[in-house]
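Contents: one structure, followed by commentary.
Protein chains get the first letters and strands the later ones, always in sequence-line order, with residue 1 at the start of each. Side chains are part of it too, since the values below use all heavy atoms of this structure and drop only hydrogens, waters and symmetry mates. None of the values given here were measured: they were computed from a predicted structure.
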Amino acid sequence: MTDTNAPADPDIEHIQGAVASGDRPSAPNAFSALLTFGWRALLKIKHLPEQLLDVTAIPIMFLLMFTYLFGGALAGSTSVYLQELLPGILAMSVVFITIYTGVTLNDDIDEGIFDRFRTLPIWQPSVIIGALLGDAVRYTLASTIIIVLGLVLGFSPNGGAFGVLSAVALLLVFSFSLSWIWTALGFVMRSSESLMNASMIVMFPLTFVSNVFVDPETMPEWLQVFVDVNPFSHLVTAMRGLMHGTATTEEISVVLLMSAVLIIVFGPVTMHLFRREQ
Amino acid sequence: MNEIQQQRHGSIDENSDTEPVYAVETDGLVKHFGETKAVDGVDLVVPAGGIYGLLGPNGAGKTTIIHLLATLLQPDGGTARVFGHDVTEAGDDVRSRVSLTGQFVSVDEDLTGHENLVLLAKLLGYSRTGAKERSTDLLEAFGLTDAGDRQVKTYSGGMRRRLDIAASIVVTPELLFLDEPTTGLDPRNRNQVWEIIRALVDNGTTVLLTTQYLEEADQLADRIAVIDEGRIIAEGTPAELKASVGSGVLNIRVRTAEQRAEAERLLGATLDTSVERGSDPLSRSARVSNAEHAVRAFTKLSQSDVEIADFALGQPSLDEVFLELTDRPTDAESDRGVTQ
Ligand SMILES: Nc1ncnc2c1ncn2[C@@H]1O[C@H](COP(=O)(O)OP(=O)(O)OP(=O)(O)O)[C@@H](O)[C@H]1O
Ligand SMILES: [Mg+2]
């Protein structure tokens with residue numbers, strides 16, 4: 001029962017030295033705690049790049065499939081269809097990645113590292129908000145992948161670089177806000193698998209029963225009603241508008257308002273669950 | 001019980017007019033989970049400095065007590081103070097003095113050992129370079145330098161445990177909670193952990209340790225509280241506790257079946273206690289209150305016709321402590337499936 005890969009034994013003088021030199025620095029401020037948790041999220045991307053690939057692979061497949069299989073039939077030509085489809089696919093892939101926020105949190109709680117964070121003398125909400133900021137980097141990476149692919153395929157946004165960047169910024173705001181649903185669920189769900197399943201049940205109808213793939217005009221009326229109130233459709237409309245330079249203030253305001261509502265509702269719920277003991 | 005502690009530790013603050021500040025002081029601490037009375041009115045006084053052991057079987061409430069003291073749980077009743085700071089009202093003051101190594105290793109499995117330590121160092125206020133230096137120092141001290149750049153998921157149990165403890169002392173805490181730090185470790189790794197704990201105590205950290213093993217509490221702790229079903233059922237120094245259950249058990253095995261009755265009679269007479277049969281038909285065991293009695297019993301046996309094939313003088317096990325204190329065996333015993 002010896003560990004075969006045991007390194008040199010710790011030696012006692014070293015330990016005494018290390019113990020004696022552990023003077024407590026002054027506690028970090030909330031901002032640097034936030035940055036540190038963000039840094040941790042980046043390390044996770046470095047060690048688990050497959051999480052990023054998992055969630056971008058399907059949107060990329062859809063992008064290629066829909067553009068070339070149905071583009072001609074749905075919009076007359078593949079290149080015309082791509083102009084409409086790309087912002088929607090972009091929104092879809094990033095919004096799907098937000099699920100991992102909850103999954104990561106759930107794993108942290110299971111692994112017990114969350115309890116370790118909770119015994120640190122830091123501004124406690126930074127554990128969650130920092131992770132969300134780190135996730136924003138993940139969203140940006142995924143956005144870059146999809147947009148570059150789109151440009152290669154012939155996506156030409158009339159709104160120019162500024163339009164595309166504003167669309168991505170809006171998407172980040174919405175995703176950050178949506179993440180609070182998953183953080184709340186991350187506390188409630190027993191395992192990351194069940195959390196994943198629950199999230200998928202919400203995400204599939206939300207993203208597919210929308211205006212991403214086809215014009216809602218072609219749908220039966222009862223379905224149109226849902227598509228029209230679906231927050232995700234509003235996000236896609238605003239992003240298309242920004243990318244093609246036709247966005248109205250109203251379209252953008254709706255998305256910002258929805259984001260605010262998500263935070264106002266699920267932020268406090270998350271924080272309540274966070275404070276309530278496990 | 002409190003009186004003894006006052007006598008023993010009241011001298012800490014002899015020169016100040018304030019009352020001595022204990023590392024931990026609880027008063028009627030209660031925590032229920034639904035029907036389960038996990039902690040059911042615990043009065044615990046842990047003096048500053050040294051090692052204090054919480055000893056108890058599975059489900060006794062050890063982890064819950066530690067979680068209450070580390071502010072991970074809120075008490076349902078009673079009060080708890082850590083170095084004079086109330087865990088409910090002054091959580092931040094408590095958190096800045098304690099550190100917890102939980103029952104299950106709690107580091108980020110996806111990150112490397114080095115990244116884990118740097119992360120915690122930064123969260124404790126170290127600068128970027130300071131954090132890296134601290135991590136390098138700790139990895140070296142704990143014999144993890146070579147593994148430092150590997151993801152923790154590739155570590156062995158002993159390495160994980162060491163990293164976990166290193167993570168808890170990035171900043172040397174005033175009070176360190178160690179929840180079953182050696183469960184599941186082989187003897188070599190267990191000894192290493194014991195050495196680490198002793199080094200911490202030499203440096204002035206108070207350690208509150210939980211364990212299911214009387215031997216471990218005996219080796220390490222200055223005082224022990226025995227917990228069962230959320231209550232403290234005994235408290236004292238290891239010597240006091242052992243004295244209350246007798247210093248151990250004398251096991252003998254005779255060579256032939258005919259000699260059993262004679263051996264039983266002799267043991268019973270010299271040790272003045274009942275003699276029990278072991279699982280082996282040829283073996284007999286009797287409790288001895290001190291070593292001298294055991295020697296006397298041996299002398300008697302050797303002067304008689306009884307031939308001894310084998311003998312052992314065992315420490316009282318946790319199970320015997322429990323039998324003595326509660327008149328029922330522990331669940332831990334059946335879980336471990338072995339007797340000492
Ligand atoms: N979060 C919880 N919800 C419900 N019951 C709990 C919870 N935590 C602990 N318990 C119960 O409280 C009792 C005490 O548990 P605790 O973990 O404190 O015991 P322990 O002494 O640490 O045991 P072990 O040696 O097995 O770790 C047990 O009956 C346990 O099932
Ligand atoms: Mg426990």
Side-chain angles (χ1 to χ4, degrees), chain A residues 1-29 32-37 39-40 43-48 51 104 107-124 126-127 130 275-278, chain B residues 67 70-74 92 95-96 98-100 102 104-112 115 119-120 122-127 130 134 137-138 140-147 151 154-159 162 166-172 186 188-189 192 195-196 198-200 202-203 205:
Chain A
M1 266 243 323
T2 50
D3 353 333
T4 44
N5 57 353
D9 281 358
D11 80 284
I12 209 65
E13 269 168 41
H14 254 113
I15 291 174
Q16 280 161 345
V19 164
S21 56
D23 291 335
R24 183 179 290 274
S26 53
N29 58 35
S32 64
L34 270 181
L35 286 186
T36 305
F37 281 112
W39 173 70
R40 170 171 180 249
L43 287 176
K44 289 260 188 191
I45 300 177
K46 185 178 114 192
H47 289 296
L48 303 167
Q51 276 193 3
T104 310
D107 285 345
D108 283 353
I109 295 170
D110 280 353
E111 276 181 13
I113 188 155
F114 197 74
D115 277 350
R116 191 183 278 289
F117 293 148
R118 288 210 305 152
T119 54
L120 293 174
I122 49 173
W123 182 58
Q124 294 289 313
S126 63
V127 181
R275 281 197 200 97
R276 192 197 66 179
E277 349 79 70
Q278 304 301 297
Chain B
H67 281 186
T71 76
L72 290 173
L73 289 173
Q74 291 289 317
D92 278 336
R95 281 190 284 273
S96 66
V98 304
S99 185
L100 166 69
F104 305 102
V105 171
S106 53
V107 287
D108 193 327
E109 299 270 317
D110 297 323
L111 304 191
T112 67
E115 286 165 350
L119 175 72
L120 285 164
K122 281 180 166 180
L123 290 174
L124 285 158
Y126 277 85
S127 66
R134 183 70 183 143
D137 276 359
L138 283 168
E140 183 164 357
F142 284 76
L144 292 168
T145 303
D146 294 337
Q151 279 179 286
T154 68
Y155 285 22
S156 74
M159 292 161 74
R162 290 205 297 272
S168 305
I169 62 162
V170 170
V171 163
T172 313
D186 68 17
R188 184 168 137 253
N189 275 292
Q192 287 175 356
E195 288 300 327
I196 294 169
R198 291 194 181 107
L200 277 160
D202 287 345
N203 192 59
T205 296

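Side chains of A:K44 and B:D108 form a contact here, defined as non-hydrogen atoms less than 4.5 Å apart. Contact check for B:L120 versus A:L120: side-chain heavy atoms found under the 4.5 Å cut-off. Residues A:D115 and B:F104 have side chains not in contact (no heavy-atom distance under 4.5 Å, counting atoms from C-beta outward).
Note: A:H47 leads A:R40, A:K46, A:H47 in heavy-atom pairs under 4.5 Å with chain B. Counting heavy-atom pairs closer than 4.5 Å to chain A, the top-ranked of the candidates B:L138, B:D202, B:V107 is B:V107. Most heavy-atom pairs under 4.5 Å with chain A, from the set B:I169, B:D137, B:D92, B:L123: that is B:L123.
Rounding to the nearest 0.5 Å gives a distance of 6.0 Å between CH2 of A:W39 and CG of B:L119. Taking CG from B:L111 and CD1 from A:I113, the interatomic distance works out to 7.0 Å, rounded to the nearest 0.5 Å. Taken to the nearest 0.5 Å, the CD atom of B:Q151 stands 10.5 Å off from the CG atom of A:L43.
Considering every non-hydrogen atom in both B:S106 and A:R116, the closest pair reads O-NE, 2.9 Å. Closest of all the heavy-atom pairs between A:P25 and B:V171 is CD-CG2, 3.7 Å. When all heavy atoms of A:P121 and B:L124 are compared, the closest pair comes out as CD-CD2, 4.0 Å. Here the closest non-hydrogen pair linking B:K122 and A:T36 is CB-CG2, 3.7 Å.
Of the two parts of B:T112, the backbone and the side chain both hold a non-hydrogen atom closer than 4.5 Å to a non-hydrogen atom of chain A. Heavy-atom distances place both the backbone and the side chain of B:S168 under 4.5 Å from chain A. Contacts between A:S26 and chain B at a heavy-atom distance below 4.5 Å involve the backbone alone (N, CA, C, O). There is no contact between B:A166 and chain A, counting heavy-atom distances below 4.5 Å.
Side chains of B:T71 and A:R118: a donor-acceptor N/O pair is absent below 3.5 angstrom, by distance only.
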